[in-house]
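As structure tokens, the structure follows; a few thoughts come after it.
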Amino acid sequence: QDLSLPNGTPVDTSSPASSSSLLNRLQLDDDLDGETRDLFVTVDDPKKHVCTMETYITYRVTTKTTRAEFDLPEYSVRRRYQDFNWLRNKLEESQPTHLIPPLPEKFVVKGVVDRFSEEFVETRRKALDKFLKRVTDHPVLSFNEHFNVFLTAKDLNAYKKQGMALLSKMGESVKYVTGGYKLRSRPLEFAAIGEYLDTFSLKLGTIDRIAQRIIKEQLEYLVELREYGPVYSTWGGLEVELSEPLEGVSACIGNCCTALEELSEDMTEDFLPVLREYILYSESMKNVLKKRDQVQAEYEAKLEAVALKKEDRPKVPTDVEKCQDRVECFNADLKADMERWQNNKRQDFRQLLMGMADKNIQYYEKCLTAWESIIPLLQDKPETK
Amino acid sequence: MEDCLAKKLEITVSEAEKRTGRNAMNIQETYTAYLIETRAVESQSEGQCAPVDSLWRRYSEFELLRNYLSVTYPHIVVPPLPEKRADFVWHKLSADNMDPDFVERRRMGLENFLLRVASHPVLCQDKIFYSFLTQEGGWKEMVNETGFQLKADSRLKALNATFRVKNPDKRFTELKHYSDELQSVISHLLRVRARVADRLYGVYKVHGNYGRVFSEWSAIEKEMGDGLQSAGHHMDVYAASIDDILEEEEHYADQLKEYLFYAEALRAVCRKHELMQYDLEMAAQDLASKKQQCEELATGTVRTFSLKGMTSKLFGQETPEQREAKIKVLEEQIQEGEEQLKSKNLEGRDFVKSAWADIERFKEQKNHDLKEALISYAVMQISVCKKGIQVWTNAKECFSKM
């Protein structure tokens with residue numbers, strides 16, 4: 001879905017009046033920089049592989065692009081969860097100043113869930129798709145060479161074995177100080193982000209618990225309903241004139257049971273995973289904030305050391321200068337990513353919560369249809385039969 | 001057929017009041033008294049408002065009335081009273097007899113009982129019933145004077161006794177079986193319904209927690225804040241709505257309960273018939289054996305073993321005079337027995353005829369009432385669904401503004 005005119009000219013999507021900008025807004029992953037999208041990635045087609053040593057699932061990762069960084073316009077490869085995990089680790093390593101999107105949890109918390117069940121695989125597929133789309137949308141991460149290899153390499157394992165691939169200037173330049181530096185003063189905006197993330201993940205945790213509790217209560221309600229409906233049927237068996245009305249009520253309750261089951265399933269598969277994803281996101285973001293603090297602390301310490309030496313140097317030593325650069329880059333990257341993250345978060349939650357409301361509306365609509373359809377049956381006079 | 005009382009007299013149980021007094025054993029007790037108001041219907045059509053008569057009665061007096069009616073009209077399916085104690089409660093509902101909600105539902109149940117009796121073609125003509133509605137003092141004495149208590153005691157014994165009828169009436173046997181099954185299925189339904197109510201309460205109430213957390217979350221958000229906050233409010237509305245929903249459903253449960261108790265009344269009629277049938281068979285058997293004894297004495301043959309026969313063998317035959325005397329006594333008894341049997345048969349046929357007429361009337365009433373109850377239940381569910389759609393649509397709109 002390239003946003004370009006038939007003759008190939010890219011369309012300006014920054015003007016709100018253009019229909020393609022409207023199309024852009026309707027797309028799931030809104031590119032708010034107004035850039036023309038030239039990279040599209042999808043995760044689909046899960047397949048089970050049974051080998052002697054293990055059983056696992058692979059997903060098809062399809063790429064369509066016009067970017068020069070890619071040799072071909074289209075790629076289709078198969079990847080498994082550990083490949084995604086590898087990619088994420090590589091991204092964290094090589095782009096430490098950026099917020100890397102989260103992956104769905106590696107291990108299933110509740111042992112009851114079947115790793116190979118259709119629902120679990122589909123939930124995971126959606127999360128992996130989301131992960132790649134978020135990377136794709138990022139103006140810096142999407143150009144990362146590990147990402148490129150992930151999307152294109154036929155044999156990813158060979159590449160993995162090579163260890164560190166082509167050196168990236170950016171990645172090399174930011175080395176991690178293993179603590180020891182104490183931060184003097186955290187800039188207000190980063191302190192605010194930290195506080196925000198703390199409260200945010202706390203609230204999400206609460207919402208997760210509430211949603212789980214609701215699902216639990218709904219399932220208990222369902223258990224009782226499943227006993228309730230058939231009693232009307234039993235009663236219908238005793239009666240003559242009331243037989244059909246009672247059967248009707250029984251069937252109606254049965255339909256409501258099915259609708260409720262669907263609602264609980266949807267909430268479990270679509271709602272809870274996204275909440276958890278954002279909680280994981282917050283955690284990884286807080287780590288990036290910590291790293292930023294460390295970089296700033298290192299700079300401040302070096303600066304102070306220079307000041308204490310009291311040497312009259314015409315210019316600031318290069319390594320202190322480098323530190324300053326690092327701090328400023330980090331701050332800039334982080335700020336840009338935070339803004340992007342806030343916008344995406346707003347979109348994602350808007351969609352998530354609207355989806356939750358929608359599912360509940362659909363549940364009630366199904367029940368409404370069921371009950372409305374038996375009114376004529378109940379009112380039916382035996383003479384008219 | 002005379003117009004039933006319900007058409008001539010407006011009857012309501014309009015109030016309930018807590019009272020304290022001393023009972024028969026001079027122990028202080030608290031009870032609820034109910035105000036029965038009656039007003040003649042006729043004069044209202046002329047544009048005049050007839051005066052309202054009223055008197056207070058307590059539940060035990062209603063029970064006395066019903067017992068009297070059950071004993072006096074054994075062939076009638078007598079309308080039941082609302083339950084004595086709160087049963088089939090779900091956790092939020094009180095099982096306390098003094099609880100205002102229970103008292104209120106009982107007040108409505110008592111009014112319903114009086115209206116049922118007043119609209120019954122046979123029962124409405126009863127004088128004791130009329131006095132119950134209109135005569136405050138001395139009513140209890142009046143009831144006791146009818147001597148129904150004696151019949152009541154023997155009836156109670158009979159209802160619980162086990163005996164076997166040789167030639168049961170198939171229709172009554174089937175009906176008794178039906179009433180047993182009906183009681184069983186409605187009890188089951190009421191029990192499960194109470195559990196369903198309990199669970200549904202839980203589902204709705206937990207949603208209230210969203211209200212609080214959305215509010216807290218909105219405090220740290222800029223653009224999302226308003227949408228979250230207002231959506232939270234709708235979640236609170238949703239959580240609160242369950243109270244009214246379940247209160248309305250109690251009314252449906254009460255309608256089912258009435259027919260649960262009606263099933264018992266139906267069973268009582270079948271049982272009464274069984275009793276009469278047994279009585280008849282015993283009387284016929286007794287008559288037959290007396291006839292046989294008579295014949296044996298007259299002809300001198302002993303066909304069946306009897307203690308008399310044994311003793312006469314052992315101690316010698318009776319004198320002709322003794323025998324004559326015995327025959328005469330037996331012949332008198334036989335004549336009495338035949339008359340009794342005749343009247344019992346007549347009684348039995350009358351009972352069957354009038355009982356069956358009332359049973360048909362009851363069946364029609366039951367089918368009509370239960371159909372109406374199911375319709376109003378469906379309507380209630382439709383309303384619940386529509387409310388649910390409304391609340392979630394409102395919430396969705398708030399989310400869309402995030």
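By convention in this document, chain letters (A, B, ...) are assigned in the order of the sequence lines, proteins followed by strands, and residues within each chain are numbered from 1. A quick note: this is a predicted structure, and the numbers were derived from the prediction, not measured.
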Side-chain touch B/Asn367/A/Val240, heavy atoms, less than 4.5 angstrom: no
OG1 on A/Thr199 to CD1 on B/Ile220, rounded to 0.5 Å: 5.0 Å
Winner by heavy-atom pair count (cut-off under 4.5 Å) against chain A, out of B/Leu189, B/Val213, B/Thr393, B/Val185: B/Leu189
From B/Tyr178 atom OH to A/Glu239 atom CD, the distance as rounded to the nearest 0.5 Å: 3.0 Å
Side-chain touch B/His368/A/Glu241, heavy atoms, less than 4.5 angstrom: no
Residue B/Leu190 versus chain A: region with a heavy atom under 4.5 Å: neither
Heavy-atom proximity to chain A below 4.5 Å, by part of B/Leu182: both
Structural part of A/Ile375 lying under 4.5 Å from a heavy atom of chain B: side chain
Neighbour count >12 (heavy atoms, 6.0 Å) for atom CD, A/Glu339: no
Test log, rule side-chain hydrogen bond (donor to acceptor under 3.5 Å, both in side chains), inputs A/Glu217 and B/Tyr204: CA-CA 9 Å; A/Glu217 296 283 341; B/Tyr204 271 74; over 6 Å; no
Heavy-atom side-chain proximity of B/Phe214 to A/Ile207 below 4.5 angstrom: yes
CD (B/Gln255) with more than 12 external heavy atoms under 6.0 Å: yes
Interface residues of residues 221-230 of chain A facing chain B - heavy atom cut-off under 4.5 Å: A/Tyr221, A/Glu224, A/Leu225, A/Glu227, A/Tyr228
Which portion of A/Glu195 sits near chain B, non-hydrogen atoms under 4.5 angstrom: neither
A/Trp371 CH2 to B/Tyr377 OH distance, which is reported to the nearest 0.5 Å: 5.0 Å
Distance, nearest 0.5 Å, that separates OG of B/Ser184 from CG of A/Leu238: 8.5 Å
Side chain A/Arg346, main chain B/Glu223, donor-acceptor under 3.5 Å: no
Check: A/Gln342 and B/Glu221 side chains under 4.5 Å, non-hydrogen atoms: yes
For chain B, which residues of residues 358-370 of chain A have heavy atoms nearer than 4.5 angstrom: A/Asp358, A/Asn360, A/Ile361, A/Tyr364, A/Glu365, A/Cys367, A/Leu368
Flag if over 12 foreign heavy atoms under 6.0 Å of CG, B/Asp369: yes
Qualifying residues under side-chain hydrogen bond (donor to acceptor under 3.5 Å, both in side chains), relative to B/Glu216, sequence neighbours excluded: A/Lys203
Option that, when pairs with chain A are counted at under 4.5 Å, heavy atom only, ranks first among B/Glu372, B/Glu397, B/Lys366: B/Lys366
Top of B/Lys363, B/Gln381, B/Arg199 for chain A proximity - count of heavy-atom pairs under 4.5 angstrom: B/Arg199
Min side-chain heavy-atom separation A/Met356-B/Tyr210 under 4.5 Å: yes
Partner set under side-chain hydrogen bond (donor to acceptor under 3.5 Å, both in side chains) for B/Ser215, not counting sequence neighbours: B/Gln229
Close side-chain approach of A/Val231 and B/Ile186, heavy atoms under 4.5 Å: no
Side chains of B/Lys401 and A/Arg350 in contact at under 4.5 Å (non-hydrogen atoms): no
Within the 6.0 Å centroid threshold, strictly below: B/Tyr259 and A/Trp235: no
Rounded distance [0.5 Å steps], NZ in B/Lys205 versus CZ in A/Arg213: 13.0 Å
Heavy-atom proximity to chain A below 4.5 Å, by part of B/Val391: neither
B/Arg212, CZ: over 12 other non-hydrogen atoms inside 6.0 angstrom: no
Side-chain heavy atoms of B/Leu374 within contact of A/Tyr232, under 4.5 Å: yes
Basic-acidic side-chain contact under 4.0 Å: A/Glu244, B/Lys371: no
Separation between NE2 of B/His207 and CD1 of A/Ile210, rounded to the nearest 0.5 Å: 9.5 Å
Minimal non-hydrogen separation, A/Ala357 against B/Trp392, with atom names: CA-CE3, 3.5 Å
